[in-house]
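Take a look at the structure set out below.
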Amino acid sequence: MGSLIDATALLRAASFKEDSYVAAALPASDLRALADLRALLATHPDQISIWGVPLNPPPSDAPADERADVVLLKFLRARDFRVRDAHAMVLRCAAWRAEFRADAVVDEDLGFKDLEGVVAYMHGWDRDGRPVCYNAYGVFRDREMYERAFGDGDRLARFLRWRVQVMERGVRALQLRPGGVNAIIQVTDLRDMPKRELRAASNQILSLFQDNYPEMVARKVFVNVPWYFSVLFSMISPFLTERTKSKFVIAREGNVAETLFKFIRPELVPVQYGGLSRASELENGPPKPASEFTIKGGEKVFLEIDGIEAGATITWDLVVGGWDLDYGAEYVPAAEGSYTLCVERTRKVPAAADEPVHNAFTAKEAGKMVLSIDNSGSRKRKVAAYRYFVRKPSV
C-alpha cells in the first residue's frame with residue numbers, strides 16, 4: 001500500500017489548468033511564437049492540414065481561420081513554445097497522418113465492434129462540455145481476447161488503428177476555436193489490467209498519442225487503481241512529458257464516484273463507475289439532470305418527492321458513492337387515515353454494489369414518495385445523486 005501512496009503523492013504534486021486559446025489572454029511572448037510558427041509554415045509549398053484545419057493556407061483576403069491558431073498553440077505548448085521544435089512536430093504529425101490515413105479511419109470497420117463501449121469509447125461530456133473517453137483493458141486478462149487483439153504484429157497494428165479511430169471520434173467532437181471546447185477528458189480504469197502483457201501496446205499508444213495529439217487531453221483520471229500502480233507508472237513515465245503528468249488525477253479504491261463527480265455530472269457517469277448513465281441512454285439527447293447531495297458520516301437522509309397524483313407512476317434512480325449503508329423507500333398517502341406503504345424494504349447496500357437503485361411505483365392515491373438513506377453505521381462522508389420522473393395518469 002505504501003507504493004500506491006507514493007505514486008498518488010507524486011501525481012498530485014502539480015495540478016493542471018487548461019490554457020486559454022483566446023488571443024487577448026495570451027502573453028506577448030506566446031503571440032510572437034505563434035506568429036513565428038505561422039511564418040515558418042507559410043514557407044512550405046504544399047498545404048498542411050491537421051484534423052481538417054489548414055495550417056498554411058495561401059494568402060487571401062478572406063478572414064483567417066481561427067481554428068489554425070488553436071491547433072498551432074497545441075503544438076507550441078507541447079514543446080514549451082520552442083518554435084522550431086513545434087514546427088518539426090507539426091511536420092512529423094502531418095506526415096504520420098498522411099501515411100496512417102488518419103482522416104479516413106473514423107469510417108472504417110476494423111472488426112472490434114464488441115470492444116466498443118467496453119475497452120475504449122466516448123461517452124458524455126464533463127462539467128465544462130468536454131467529451132469524455134473511457135478506457136478499460138481488464139477484458140484482456142482473458143487469453144483468447146488478448147490473442148485476438150495482440151497475438152501478432154498485424155493484430156497489434158489493427159488494434160492501434162482502432163484505438164486511433166476512437167481518438168479521432170473524440171477530436172471530431174471538439175470545436176477547436178478560441179474560447180470553445182478544445183480538449184477531451186480521459187478516464188482510465190486499471191482494474192484487472194494485465195500490466196506485463198499490455199506493456200508494449202501501452203507504450204505504443206502513449207507515444208503515438210503524445211506525438212500526434214498534443215494538448216488534446218485536458219485531464220486524465222485513473223480509477224480502480226491497483227497496489228502496483230507505482231510500478232506501472234515508473235514504466236510509462238519516461239514516455240510522458242511533465243506537462244502530461246500534471247494532468248493526472250488518481251481515484252483511490254472506493255473513491256471512484258466521488259472523484260469522477262468533481263469533473264462529470266452523475267447522470268453522465270456510467271453506472272459501472274458509480275453514476276446513473278447507461279450505455280444507450282445518450283442516444284436520445286442529454287439525460288435529465290440529477291440532484292447531487294452529500295451524506296455525512298453517521299447521518300440519515302430522507303428524500304421526499306411530493307405532489308404525486310393518484311394514478312401517477314414515479315420512477316427514480318439513486319446512487320451513493322461507496323454505498324455501505326441502508327436504503328429503503330415508502331409511499332405516504334396525503335389523505336388522513338391512510339396507511340404508509342412499504343415500497344422497498346430497508347436493505348443493506350454493499351460497498352461493492354455496481355448498479356444504481358432503479359425502481360418505479362404507481363400511486364393509487366395522492367401522496368409523496370420517501371427514500372431513506374441511512375449512513376449512521378459509517379463515519380465516512382459520501383457523495384450521492386438521484387433523479388425521478390413522474391408520468392401523470394392517462395385520462
Side-chain contact test, heavy atoms from C-beta onward, threshold under 4.5 Å: evaluate it for [X] versus [Y] and give yes or no.
X: Leu55; Y: Ile50; answer: yes
X: His123; Y: Pro270; answer: yes
X: Phe302; Y: Leu371; answer: no
X: Asp326; Y: Thr346; answer: yes
X: Ile314; Y: Phe389; answer: no
X: Trp323; Y: Ser378; answer: no

Run the numbers on Phe81 and Arg77 for side-chain contact (heavy atoms from CB on, under 4.5 Å), then give the verdict. CA-CA 6 Å; Phe81 283 88; Arg77 285 172 176 149; 3.5 Å; yes

Report the residue from Asp211, Leu208, Leu91 that forms a side chain to side chain contact (heavy atoms under 4.5 Å, CB included) with Trp96. Leu208

Have a look at Val217 and tell me which of Arg130, Gln186, Gln210 forms a side chain to side chain contact (heavy atoms under 4.5 Å, CB included) with it.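 Option passing the side chain to side chain contact (heavy atoms under 4.5 Å, CB included) with Val217: Gln186.
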
Take Arg148 and Glu144, measure what salt bridge (charged side-chain N to carboxylate O under 4.0 Å, His left out) needs, and give me the verdict at the end. CA-CA 6 Å; Arg148 184 180 154 215; Glu144 183 178 342; over 6 Å; no

Of all residues at least two apart in sequence or in a different chain, which pass the side-chain contact (heavy atoms from CB on, under 4.5 Å) check with [X]?
X: Val332; result: Glu330, Thr340, Lys368, Val370
X: Trp162; result: Leu110, Phe112, Leu115, Glu116, Val119, Ala120, Phe159, Gln165, Val166
X: Asp189; result: Ala136, Arg191, Val223, Asn224, Tyr273

[X] side, atom [atom1]; [Y] side, atom [atom2] - distance, nearest 0.5 Å:
X: Ile48; Y: Asn56; atom1: CD1; atom2: CG; result: 4.5 Å
X: Asp126; Y: Ile185; atom1: CG; atom2: CD1; result: 4.5 Å
X: Met167; Y: Asn135; atom1: CE; atom2: CG; result: 9.5 Å
X: Glu267; Y: Leu282; atom1: CD; atom2: CG; result: 9.5 Å
X: Met369; Y: Trp316; atom1: CE; atom2: CH2; result: 4.0 Å
X: Ile305; Y: Arg387; atom1: CD1; atom2: CZ; result: 12.5 Å

What's the shortest heavy-atom distance between [X] and [Y], and which atoms?
X: Pro54; Y: Gly52; result: CD-O, 3.6 Å
X: Ala86; Y: Leu76; result: CB-CD2, 3.7 Å
X: Val320; Y: Ala384; result: CG2-CB, 3.8 Å
X: Ala201; Y: Leu156; result: CB-CD1, 3.9 Å
X: Val271; Y: Leu276; result: CG1-C, 3.9 Å
X: Gly170; Y: Met122; result: CA-CE, 3.7 Å

May I ask you to decide if [Y]'s main-chain N or O and [X]'s side chain share a donor-acceptor pair within less than 3.5 Å?
X: Asp80; Y: Arg82; result: no
X: Asp142; Y: Met145; result: yes
X: Arg161; Y: Phe100; result: yes
X: Ser207; Y: Asn203; result: no
X: Lys300; Y: Ser376; result: no

Residues [X] and [Y] bridged, charged N to O under 4.0 Å:
X: Asp324; Y: Lys348; value: yes
X: Arg381; Y: Glu299; value: no
X: Arg177; Y: Glu66; value: yes

Stepwise salt bridge (charged side-chain N to carboxylate O under 4.0 Å, His left out) test for Glu281 and Lys288: CA-CA 10 Å; Glu281 190 176 70; Lys288 181 176 180 178; over 6 Å; no

Test salt bridge (charged side-chain N to carboxylate O under 4.0 Å, His left out) on Glu292 and Arg265 and set out the steps. CA-CA 9 Å; Glu292 300 177 65; Arg265 289 192 54 83; 3.3 Å; yes

Would Cys133 and Ile184 satisfy side-chain contact (heavy atoms from CB on, under 4.5 Å), going step by step from the backbone distance to the final call? CA-CA 7 Å; Cys133 180; Ile184 70 172; 4.1 Å; yes

Please tabulate, for side-chain N and O atoms in residues 29-41, each donor-acceptor pair with protein atoms closer than 3.5 Å (sequence neighbours left out).
{"from": "Arg38", "atom 1": "NE", "to": "Asp69", "atom 2": "OD1", "distance (Å)": "3.0"}
{"from": "Arg38", "atom 1": "NH2", "to": "Asp69", "atom 2": "OD1", "distance (Å)": "3.3"}
{"from": "Arg38", "atom 1": "NH2", "to": "Asp69", "atom 2": "OD2", "distance (Å)": "3.1"}

Quick check on the 6.0 Å ring-centre criterion: do Tyr121 and Tyr134 meet it? yes

Count the heavy atoms of every other residue, nucleotide or ligand shown that sit under 6.0 Å from CZ of Arg84, and state whether that count exceeds 12.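 No - once you tally the heavy atoms of other residues, nucleotides and ligands closer than 6.0 Å, there are 12 at most.
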
Under a 3.5 Å cutoff, is there a donor and acceptor pairing between the side chains of Lys296 and Asn375?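 There is no such pair (donor and acceptor under 3.5 Å, judged by atom type) between the side chains of Lys296 and Asn375.
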
Do Tyr21 and Lys74 have a side chain donor and acceptor closer than 3.5 Å? yes

Less than 6.0 angstrom from the centroid, inside 45 degrees of the normal: does [X] satisfy that with respect to the ring of [Y]?
X: Lys220; Y: Phe222; answer: yes
X: Lys382; Y: Phe293; answer: no
X: Arg127; Y: Phe263; answer: no

Yes or no on side-chain contact (heavy atoms from CB on, under 4.5 Å) for Leu318 and Tyr327, after CA distance, side-chain angles and deciding distance? CA-CA 10 Å; Leu318 169 71; Tyr327 158 78; 3.6 Å; yes

Selection residues 89-106 - residue pairs positive for salt bridge (Lys or Arg N to Asp or Glu O under 4.0 Å), sequence neighbours left out: Arg97-Asp103, Arg97-Glu168, Arg101-Glu108

So Tyr137 and Ser202, side-chain contact (heavy atoms from CB on, under 4.5 Å) or not? Walk me through it. CA-CA 10 Å; Tyr137 296 102; Ser202 297; over 6 Å; no

Could you go through residues 349-367 and list every donor-acceptor pair under 3.5 Å that involves a side-chain atom there, pairing it with any protein atom two or more places apart or in another chain?
{"from": "Glu355", "atom 1": "OE1", "to": "Arg278", "atom 2": "NH1", "distance (Å)": "2.8"}
{"from": "Glu355", "atom 1": "OE1", "to": "Arg278", "atom 2": "NH2", "distance (Å)": "3.3"}
{"from": "His358", "atom 1": "ND1", "to": "Asp317", "atom 2": "OD1", "distance (Å)": "2.5"}
{"from": "Asn359", "atom 1": "ND2", "to": "Glu344", "atom 2": "OE2", "distance (Å)": "3.4"}
{"from": "Thr362", "atom 1": "OG1", "to": "Thr313", "atom 2": "OG1", "distance (Å)": "2.8"}
{"from": "Glu365", "atom 1": "OE1", "to": "Ser338", "atom 2": "OG", "distance (Å)": "3.1"}

